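Bear in mind that the values here come from a model prediction, so they are computed numbers and not experimental data.
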Amino acid sequence: GYPREMTVVHRGEVRSKDGVPDARGAALLRRAQAEPGLPRPQAVRSAQVYWIEGKLGAEAVRRVAEQLLADPVTQCATVGAAPGAGCVVEVLPLPGVADPAAESVEEAVLRLVGERVRVLTGDRWDMQGGDRAGADRIAQRLLANPVVQSVHASPWMPERFHEAKARAAEVSHVPMRDLDDASLERL
């Protein structure tokens with residue numbers, strides 16, 4: 001880990017530049033329009049969201065967003081939350097759920113700016129042409145698994161990252177080698 005005193009959470013969003021097709025947004029739009037019982041938004045725009053907790057100044061955060069997180073040819077990075085277009089839905093892993101993309105970004109940030117940070121990743125979806133209840137139904141059916149992900153109805157910006165609850169590992173030894181079929185069925 002790293003010392004958490006004096007840390008700040010920064011937010012960055014990466015989305016397709018204007019004029020560049022948003023394949024993820026288009027795919028969700030097609031899925032929502034094809035799914036029976038779901039509202040049919042008129043347009044969907046997607047963004048990848050990165051929350052970075054650490055001792056980074058504004059210049060380092062801008063550098064990470066522009067030089068590490070976004071492809072300068074096809075994508076643009078926003079530090080903070082971009083203005084919403086329609087109903088916003090954000091989906092991110094719950095505390096304690098593995099986030100391999102975040103781990104990769106943590107290593108890359110250390111190499112780029114020399115600071116150890118913690119990162120969370122998520123997805124933002126801006127749905128136009130529908131209402132909040134419809135966007136929530138799309139999120140529940142097509143975007144999120146509530147067992148491992150949380151859903152937010154606006155740009156999420158925590159003061160600090162939540163810690164996963166510590167759980168004691170418990171191992172039970174069950175001698176099975178000499179059990180007969182009836183004993184195995186009772187297990």
Next on the checklist: If you define the side chain from C-beta out and look only at heavy atoms, does anything of Trp156 sit under 4.5 Å from Leu120?
Outcome noted: yes

Checklist entry - If you measure from CD on Gln33 to CD1 on Ile138, what distance do you get to the nearest 0.5 Å? => result 9.0 Å

Next on the checklist: With heavy-atom distances below 4.5 Å as the criterion, would you say the side chains of Ile52 and Val64 are in contact?
Outcome noted: yes

Checklist entry - Is the closest side-chain heavy-atom distance between Val119 and Trp51 below 4.5 Å? => result no

Checklist entry - How close do Ser46 and Gly25 get, heavy atom to heavy atom, and via which atoms? => result OG-N, 3.7 Å

Item to check | Arg124/Asp126 ion pair, N-O < 4.0 Å | outcome: yes

Checklist entry - Given His10 and Val79, is the side chain to side chain contact (heavy atoms under 4.5 Å, CB included) satisfied, shown in steps? => result CA-CA 8 Å; His10 302 276; Val79 175; 5.7 Å; no

Item to check | Non-hydrogen side-chain atoms of Val73 and Val20 separated by less than 4.5 Å | outcome: no

Item to check | Minimum heavy-atom distance between Ala77 and Glu66, given as atom pair plus value | outcome: CB-N, 4.4 Å

Checklist entry - Would you say the side chain of Gln128 lies within less than 4.5 Å of the side chain of Val44, judging by non-hydrogen atoms? => result no

Next on the checklist: Tell me whether Arg63 is salt-bridged to Glu59, with the criterion being a basic N under 4.0 Å from an acidic carboxylate O.
Outcome noted: no

Checklist entry - Does some side-chain heavy atom of Leu28 sit less than 4.5 Å from a side-chain heavy atom of Trp125? => result yes

Item to check | Reported CG-to-OG distance for the pair Asp178 and Ser183, which is rounded to 0.5 angstrom | outcome: 10.5 Å

Item to check | Val91-Leu94 co-clustered via ILVMFWY side chain contacts under 4.5 Å | outcome: no

Next on the checklist: Applying side chain to side chain contact (heavy atoms under 4.5 Å, CB included) to Gln48 and Glu13, what does each step give before you reach the verdict?
Outcome noted: CA-CA 6 Å; Gln48 297 155 303; Glu13 297 179 0; over 6 Å; no

Next on the checklist: Please evaluate residues Thr121 and Val49 with respect to the criterion side chain to side chain contact (heavy atoms under 4.5 Å, CB included), reporting the C-alpha separation (whole Å), side-chain torsions for both, the decisive distance (0.1 Å), and the verdict.
Outcome noted: CA-CA 6 Å; Thr121 64; Val49 184; over 6 Å; no

Item to check | Residue pair Cys87 / Gly130: nearest heavy atoms and the distance that separates them | outcome: SG-O, 3.9 Å

Checklist entry - Is Glu35 reaching over with its side chain to a backbone N or O of Arg31, donor-acceptor style, under 3.5 angstrom? => result no

Checklist entry - How far apart are the closest heavy atoms of Pro39 and Pro41, and which atoms are they? => result O-CD, 3.3 Å

Checklist entry - Mind checking whether Leu29 and Arg40 have side chains closer than 4.5 Å, heavy atoms only? => result no

Checklist entry - Just how far is it from atom CD of Glu106 to atom CD of Glu53, taken to the nearest 0.5 Å? => result 10.0 Å

Checklist entry - Has the side chain of Asp22 got a donor or acceptor atom that lies under 3.5 Å from a matching backbone atom of Ser16? => result no

Next on the checklist: According to a hydrophobic-cluster definition based on side-chain heavy atoms being under 4.5 Å apart (Ile, Leu, Val, Met, Phe, Trp, Tyr only), do Leu112 and Val14 belong together?
Outcome noted: yes

Item to check | Rounded distance (nearest 0.5 Å) linking atom CZ of Arg62 with atom CG of Leu56 | outcome: 13.0 Å

Item to check | Minimal non-hydrogen separation, Pro155 against Ala81, with atom names | outcome: CB-CB, 3.7 Å

Checklist entry - Does a side-chain N-to-carboxylate-O contact under 4.0 Å join Glu90 and Arg11? => result yes

Item to check | Check against side chain to side chain contact (heavy atoms under 4.5 Å, CB included), Leu110 and Val117 | outcome: CA-CA 7 Å; Leu110 179 60; Val117 298; over 6 Å; no

Checklist entry - Any side-chain heavy-atom pair from Leu92 and His152 closer than 4.5 angstrom? => result yes

Checklist entry - Is there a donor-acceptor pair under 3.5 Å between the side chain of Arg45 and the backbone N or O of Arg15? => result no

Item to check | Nearest-0.5 Å distance that lies between atom OG1 in Thr7 and atom CZ in Arg116 | outcome: 14.5 Å

Item to check | Joint hydrophobic cluster, Val151 plus Val88, side-chain heavy atoms closer than 4.5 Å | outcome: no

Checklist entry - Any salt bridge between Glu115 and Lys55, counting N to O under 4.0 Å? => result no

Item to check | Between CG on residue Leu68 and OG on residue Ser104, distance to nearest 0.5 Å | outcome: 10.0 Å

